[in-house]
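Hydrogens, waters and symmetry mates are skipped; everything else that's a heavy atom, side chains included, is used.
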Amino acid sequence: MPEAFHPTPEQLRYLALLAEKYPTIAAASSEIINLEALSRLPKGTEHFMSDLHGENEAFIHILNSASGVIREKIDVVLGEGVPAAERAELATLIYYPVQKLPELKAKQSDLTAWYRKNLLWLIQLCRFVSSKHTRDHVRKCLPKYCGHIIDELLHAHFEDHDKDLYYGQIIDSIIRHDRADAYITRFCEVIKRLAVDRLHIVGDLFDRGPRPDQILDRLMLHHDVDIQWGNHDVVWMGAAAGSPICILTVLKTTVAYNNLPTLENGYGISLRGLDHLAEAFYADTDVEHWKPHLDPRTSPGADTIARAARMHKAVTIMMLKLEAQVIARNPDFQYQGRDYLNQIDYAAGTVRCGGKSYPLLDPVFPTVDPADPSRLNPQEEQVLSDLVRSFTESERLQRHTQFLYAKGAVYKVCNGNLLFHGAVPMTEDGAFAAETFEGKSYSGKALFDYCDRRAREGYFAAPGSPERQAGQDFLWYLWCGRLSPIFGRSAMTTFERLYIADKSTHTEVKNPYYRHIQSAETADKILREFGLEGEGCHIINGHVPVRAIEGESPVKGGGKIIVIDGGFCRAYHSRTGIAGYTLVYNSRGLTLRTHQPFESAEKAIREDEDIASRSEYIYTAPQRVLVRDTDEGVEKRVLIADLEQLLAAYRAGLLREQL
């Protein structure tokens, strides 16, 4: 006889709640059967990308193309019998249906025949990409208004239907009722949706590239995405929270790369006050040294460049003033001596740095009072006050920041992989480096958890509270702190590069982590620290571009660490020799896709030009990875166990079925 079931009162209360969703023995049993069946399916495909740095067009193209996977599936489904040009045209249609469809229609002499052909191709491709999913999952991905027809087309049993006749009749009806464009667009959306189950962004959405705001808009529409914050992200999060130092840091980078549209057009933040301040104090100074980095895709005039240079200097000096204030009130940051405005001999035109004195490249500080260098003058205070109000009142920036907090964290453990942007701070001898905050020492995973909590306080703690102020200062520390796991270098040498000619002062020394990760022992040590162990576990991080052009491999730590910063941003292409990576994790293992530069969405649409990518296997699973082997599988096993207890409660008469 089966053992008697004697749940505790707490267990019985939980089972009573579970019974609201599964009110009968049949319902609970059916769900167990369903969960067990789902657990035996191949795991879904995950894509990992990092360091997007505002390259919106390239990112959206890679997202649309599933990093080249969709084009490969087109080649498999259609084969050599369809000319390469037509396959490329179909790929572009799937990537950009709204933009490409009118162009293709305008070229057709027999539009009905073209509709029939392309709808048939899209149906075949959609059937192919949906084949590893359950019908229930595919149905959930279908659009509301025409999903039932697409469902029929995808799941028709051709032992009961003549395939050509069945498809032909439905397609002819779609065309006759002028719904072909809508169905083509919906099929394209479903194909893209089913090609990738989950997207991981391993940090640095912001800065350098033109439109990070458009990347965030697209991510907010994604069906399943998570983000591991990069240092460029946390400083924007701090700016959105109203942190003056983070706002000025964001502005300094934005102006230095002449990316003003991100602020002005993307977030509705006016720079007029900063522009007037720069004109008032720097119009008659030499700002040649302050000219912004220019994107070769743009061609600003001389006046625009000069305006940006003046703003660059004005905001940098304001930023340096606030850095000195933050350093003074946060001795835990251990940044004493980097409050550079306090280290300058203004009469001599020199600065103390690292125990030595250096002449300043630009000794002109018209808004600095040598007797109180970190104090903002009245005009600067007014500009900063207006900027704080603009950042905190930007509805779009607040939506994006709330999304970053909701979907993001300092790190993530997912399906045997540890994801983080920068580094696990280490000592020279390979131990986890300890940092003391608020009188307590943190290292390893505990440091990551502490940083995550403080980052959230900077945005969510009560306005005006000490916790919010301290949290906002900490967001700045995460941007550039010596033992920040998101930064991973000795210091952010912005001042040195702008003011000191000696390039030995410009070096940002990497944390010893970057040397130790060449060994498998270090990889195993870090994985164990975060609760992972065994074959198939990997560390995935970004932040430091892989110099592929010099032969550097992104795979380290005996194959257990994959650095996926391949220089996605155009500003890094010359350094890496490539244009980014996508790491793909499917049921067979890990594949790294290396991308070449992308010119523009306009050219891709007009000329059916795709991003050239090549693939290499990083890790092949010893056996196919099923859903039961994933985190989702663990959750399903827990639910199955709970449902088994619910069945026992029903059968023991402890709960009654709701028939």
Side-chain angles (χ1 to χ4, degrees), residues 44-74 88 90-100 122 125-126 129 141 143 185-206 209-228 230 233 266 400 403-404 407-408 419 540 542 564-570 578-586 591-605 608-613 615:
T45 300
E46 301 173 68
H47 281 201
F48 305 78
M49 301 178 69
S50 81
D51 297 88
L52 306 178
H53 284 299
E55 288 291 345
N56 56 306
E57 288 198 347
F59 170 71
I60 289 170
H61 185 89
I62 283 181
L63 202 62
N64 285 339
S65 68
S67 298
V69 170
I70 288 175
R71 177 55 195 271
E72 291 176 359
K73 293 187 182 299
I74 289 172
L90 179 65
T92 306
L93 176 63
I94 293 170
Y95 306 161
Y96 305 99
V98 174
Q99 299 92 328
K100 189 68 175 178
L122 289 169
L125 185 62
C126 204
V129 297
C141 300
T185 301
R186 298 299 172 265
F187 270 117
C188 294
E189 291 170 352
V190 172
I191 289 165
K192 289 183 285 192
R193 165 67 179 82
L194 292 173
V196 179
D197 292 274
R198 189 168 191 174
L199 178 64
H200 307 277
I201 304 296
V202 192
D204 276 357
L205 296 158
F206 285 95
R211 296 302 296 267
D213 56 303
Q214 292 184 3
I215 292 177
L216 276 155
D217 279 344
R218 187 60 178 267
L219 289 176
M220 289 178 73
L221 298 174
H222 200 276
H223 54 275
D224 194 350
V225 63
D226 55 72
I227 298 161
Q228 292 70 58
D233 303 322
H400 287 170
F403 173 76
L404 285 169
K407 296 291 186 179
L419 286 59
I540 301 168
I564 59 169
D565 181 0
F568 195 87
C569 177
R570 190 175 292 254
I578 56 175
Y581 295 117
T582 301
L583 184 67
V584 179
Y585 181 28
N586 59 27
T591 304
L592 191 67
R593 303 181 73 90
T594 303
H595 307 304
Q596 295 305 311
F598 178 72
E599 187 165 330
S600 71
E602 180 185 358
K603 185 173 182 181
I605 294 166
D608 301 320
E609 185 174 276
D610 218 333
I611 290 181
S613 303
S615 298

Student: Could you go step by step and tell me if V202 and D565 meet the side chain to side chain contact (heavy atoms under 4.5 Å, CB included) rule?
Tutor: CA-CA 9 Å; V202 192; D565 181 0; over 6 Å; no

Student: Which pair of heavy atoms, one from H222 and one from L63, lies closest together, and at what distance?
Tutor: CD2-CD1, 4.3 Å

Student: Could you work out, with side-chain contact (heavy atoms from CB on, under 4.5 Å) as the rule, every residue matching I60, not counting sequence neighbours?
Tutor: N64, R218

Student: Any sub-3.5 Å donor-acceptor pair from K407's side-chain atoms to I227's backbone N or O?
Tutor: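 Absent.
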
Student: Which residues pass the side-chain contact (heavy atoms from CB on, under 4.5 Å) test with A88, sequence neighbours left out?
Tutor: R71, D608

Student: Side-chain contact, heavy-atom cut-off 4.5 Å: L404 with L216?
Tutor: yes

Student: Please identify each residue that fulfils side-chain hydrogen bond (donor to acceptor under 3.5 Å, both in side chains) with S615, with sequence neighbours left out.
Tutor: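 By the side-chain hydrogen bond (donor to acceptor under 3.5 Å, both in side chains) rule, S615 matches R593.
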
Student: With sequence neighbours excluded, what pairs up with T591 under the side-chain hydrogen bond (donor to acceptor under 3.5 Å, both in side chains) test?
Tutor: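 side-chain hydrogen bond (donor to acceptor under 3.5 Å, both in side chains) list for T591, sorted by chain: empty.
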
Student: So which heavy atom on L219 is nearest to which on F59, and how close?
Tutor: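 Heavy-atom minimum between the residues: CD2-CZ, 3.6 Å.
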
Student: Is there a donor-acceptor pair closer than 3.5 Å between any side-chain N or O of D233 and the backbone N or O of D204?
Tutor: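 Confirmed, D233 side chain pairs with D204 backbone.
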
Student: What pairs with H223 under side-chain hydrogen bond (donor to acceptor under 3.5 Å, both in side chains), at least two apart in sequence or on another chain?
Tutor: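 Here the qualifying residues are R193.
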
Student: List for me each residue that meets ring pair (Phe, Tyr, Trp, His ring centres under 6.0 Å) alongside H47, sequence neighbours excluded, and say none if there are none.
Tutor: none

Student: Test of understanding: with side-chain contact (heavy atoms from CB on, under 4.5 Å), list the residues that count as partners of D217, not counting sequence neighbours.
Tutor: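 Expected list: R396, H400.
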
Student: Rounded to the nearest 0.5 Å, what's the gap from NE2 on H61 to OG on S67? Could you check?
Tutor: 10.0 Å

Student: Just to verify, what does E599 make a side-chain hydrogen bond (donor to acceptor under 3.5 Å, both in side chains) with, not counting sequence neighbours?
Tutor: K603

Student: Below 4.5 Å, heavy atoms only, C-beta onward: do D226 and L419 meet side chain to side chain?
Tutor: yes

Student: Can you name the residues that form a ring pair (Phe, Tyr, Trp, His ring centres under 6.0 Å) with Y581, not counting sequence neighbours?
Tutor: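 In terms of ring pair (Phe, Tyr, Trp, His ring centres under 6.0 Å), with neighbours along the sequence ignored, Y581 is linked to no residue.
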
Student: Is there a side chain to side chain contact (heavy atoms under 4.5 Å, CB included) between I70 and Y95 once you walk through the steps?
Tutor: CA-CA 9 Å; I70 288 175; Y95 306 161; 4.1 Å; yes

Student: Any side-chain heavy atom of R186 sitting closer than 4.5 Å to one from P97?
Tutor: no

Student: With side chain to side chain contact (heavy atoms under 4.5 Å, CB included) as the criterion, how do D224 and D197 come out once you've worked through the C-alpha distance, each side chain's angles and the decisive distance to 0.1 Å?
Tutor: CA-CA 7 Å; D224 194 350; D197 292 274; over 6 Å; no

Student: Are side-chain heavy atoms of T582 and I564 found at a separation under 4.5 Å?
Tutor: no

Student: What is the distance from atom CD1 of I605 to atom CD of Q99, rounded to the nearest 0.5 Å?
Tutor: 4.5 Å

Student: Partners of F568 by ring pair (Phe, Tyr, Trp, His ring centres under 6.0 Å), sequence neighbours excluded?
Tutor: none

Student: For F598 versus A58, what's the shortest heavy-atom pair and its separation?
Tutor: CD2-CA, 3.6 Å

Student: To check you understand the geometry: which heavy-atom pair defines the closest contact between I215 and N56, and what is its length?
Tutor: CG1-CA, 3.6 Å

Student: Search all heavy atoms of L122 against all heavy atoms of L90 and return the closest pair with its distance.
Tutor: CD2-CD1, 3.9 Å

Student: Measure the spacing between OG1 of T185 and CG of L93 and express it to the nearest 0.5 Å.
Tutor: 7.5 Å

Student: Salt bridge or not for E189 and K192, using N-O below 4.0 Å?
Tutor: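 Looking at E189 and K192, the cut-off is not met.
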
Student: Looking at every heavy atom in both E55 and C569, which two are closest together, and how far apart are they?
Tutor: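 That would be CG-CA, 3.4 Å.
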
Student: Check whether any side-chain heavy atom of Q596 sits under 4.5 Å from a side-chain heavy atom of I578, and report yes or no.
Tutor: yes

Student: Could you tell me whether the side chain of Q228 reaches within less than 4.5 Å of the side chain of I201, counting heavy atoms only?
Tutor: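 Result no, sub-4.5 Å side-chain heavy-atom pair not found.
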
Student: For the atom pair NZ (K73) and CG (L125), what is the distance rounded to the nearest 0.5 Å?
Tutor: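 Spacing of NZ (K73) from CG (L125) equals 8.5 Å.
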
Student: Under the side-chain contact (heavy atoms from CB on, under 4.5 Å) test, which residues partner E46, sequence neighbours left out?
Tutor: K43, F48, R198, H200, C414, N415, Y585

Student: For I74 and I94: C-alpha separation, side-chain torsions, deciding distance, then whether side chain to side chain contact (heavy atoms under 4.5 Å, CB included) applies.
Tutor: CA-CA 10 Å; I74 289 172; I94 293 170; 3.9 Å; yes

Student: Does any non-hydrogen side-chain atom of E57 lie less than 4.5 Å from one of P210?
Tutor: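 Result no, sub-4.5 Å side-chain heavy-atom pair not found.
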
